[in-house]
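One structure is given here, and the rest of the page talks about it.
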Protein chains: 2
Amino acid sequence: MPPTSSPPELLQGTLDVMILSVLQSQSLHGYGIARQIEARSGRLLTIEEGSLYPALHRMTKRGELAAEWRTNDTGRRARFYRLTTDGKRRLAEQVSLWDTLSGAVSRVVHGSSRQAAPDARLGWE
Amino acid sequence: MPPTSSPPELLQGTLDVMILSVLQSQSLHGYGIARQIEARSGRLLTIEEGSLYPALHRMTKRGELAAEWRTNDTGRRARFYRLTTDGKRRLAEQVSLWDTLSGAVSRVVHGSSRQAAPDARLGWE
DNA sequence: AACCATACCTTGACGATCGATGTATAGTGT
DNA sequence: ACACTATACATCGATCGTCAAGGTATGGTT
């Protein structure tokens, strides 16, 4: 049973970096990736299957993930994903980028208004 | 001259909350909004005009912004935007949501791996 | 006259996400 | 035996936001 409801679309573009992140320490199949992201986020994020599988396929096509069919101990077939060398490189890049850019957005929304050089032409009131 | 280059599409969905934020303390026109976001972000974020104007129009249509033509002190006509009551409410909602969700993503990518209950069925390796 | 910054806008294409739907098996409870 | 839930894969159509590019026009500077 997935968490509660669907989170708003405020976070477009973050699915890739989250997938890469949870695959850093372990190989997982799609369903496990979704559960892991939900667990790590404290049940705040829900991964829709209609987003997850297209993401896994395009990342595999881009060479960031490698996929392999396996059977786990309960006898169920599942497609396990692991990071390739390219995927590890992209993981590092994207995590660093997320930190930088999410920090920038936070400064904007919390008004780090260093009104650098109060410029009368730009606004009033 | 806009900053350097176009930032990746990691932050889709954050434009609205940034626009609302910079309009909290002042009325601005489109160009001024873009400059303000760039300044507050420390020149990390670039707002493309093809994203900005559609966003301003749809937010006005949704009733979050009110627009008014004015002439500033240099004699140039410009369309100034301010928050409506609805816009102020949405600003508060969206900022709080951004803080919550960006925090969740950060926990995911930095592996707050409280492997809650190590579940052999979900992965191996 | 040339150029740059300011200031508005639209268009077409793209890509990612979402909700819905479909299939199938394993485990659990009754 | 039956029903139900969780597991596990996948695809589809619609929607939405963004982007790159282009277009118009004025004011200030060199």
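Bear in mind that the values here come from a model prediction, so they are computed numbers and not experimental data. Throughout, a chain's letter reflects where its sequence line sits, starting with A, and its residues are numbered from 1.
For the pair Thr60(B) (side chain) and Leu56(B) (backbone), a donor-acceptor distance under 3.5 Å is present. Formation of a donor-acceptor pair under 3.5 Å by the Arg107(A) side chain with backbone atoms of Ser41(B) is found in this model.
Between the CG atom of Leu45(B) and the P atom of dC19(D) there is a distance of 11 Å, given to the nearest Å. Regarding Arg77(B), its CZ atom lies at a distance of 18 Å from the P atom of dT24(D), rounded to whole Å. Ile47(B) places its CD1 atom 14 Å from the P atom of dC8(C), with the value rounded to the nearest Å. Between Tyr31(B) atom OH and dC4(C) atom P the separation is 13 Å, expressed in whole Å. Between Leu11(B) atom CG and dA16(C) atom C1' there is a gap of 14 Å when expressed in whole angstrom units. Summarising the geometry, the separation between CD on Gln36(B) and C1' on dA7(C) is reported as 17 Å, rounded to the nearest angstrom. Atom P of nucleotide dC18(C) and atom OH of Tyr53(A) are separated by 15 Å, given to the nearest angstrom. In this structure, CG of Leu28(A) is placed 11 Å from P of dA8(D), rounded to the nearest angstrom.
Side-chain proximity of Arg35(B) to the nucleotides dC8(C), dT6(C), dC9(D) is greatest for dT6(C). Side-chain proximity of Arg62(B) to dC19(D), dC8(C), dG17(D): nearest is dG17(D). Checking dT6(C), dT17(C), dC19(D) against the side-chain heavy atoms of Gln12(A) singles out dT17(C) as nearest. Side-chain proximity of Arg76(A) to the nucleotides dA8(D), dT6(C), dC9(C) is greatest for dA8(D). When each of dA10(D), dT17(C), dT18(D) is scored by its nearest atom to the side-chain atoms of Arg79(A), the top-ranked nucleotide is dA10(D).
Here Glu38(B) pairs with Arg35(B) in a salt bridge; the nearest charged N to carboxylate O distance falls below 4.0 Å. Checked for salt-bridge contact, Asp86(A) and Arg62(A) miss the test: no charged N lies under 4.0 Å from a carboxylate O.
Of all non-hydrogen atoms in Gly63(B) and Thr84(B), the two that sit nearest each other are O-OG1, 2.6 Å.
Comparing Asp16(B) and Trp69(A) by the nucleotide of DNA chain D that holds the closest heavy atom to each, the one mapping nearer the 5' end is Trp69(A).
In this structure, Ser51(A) reaches the dC18(C) phosphate: one of its side-chain N or O atoms is under 4.0 Å from OP1 or OP2. Side-chain nitrogen and oxygen atoms of His57(B) include at least one within less than 4.0 Å of the OP1 or OP2 phosphate oxygen of dT10(C). OP1 or OP2 of dT17(C) sits under 4.0 Å from a side-chain N or O of Arg58(A).
The base of dA10(D) lies close enough to the side chain of Glu49(A) for a donor and an acceptor atom to sit less than 3.5 Å apart.
Gly50(A) comes within contact range of at least one nucleobase, with a heavy-atom separation under 4.0 Å.
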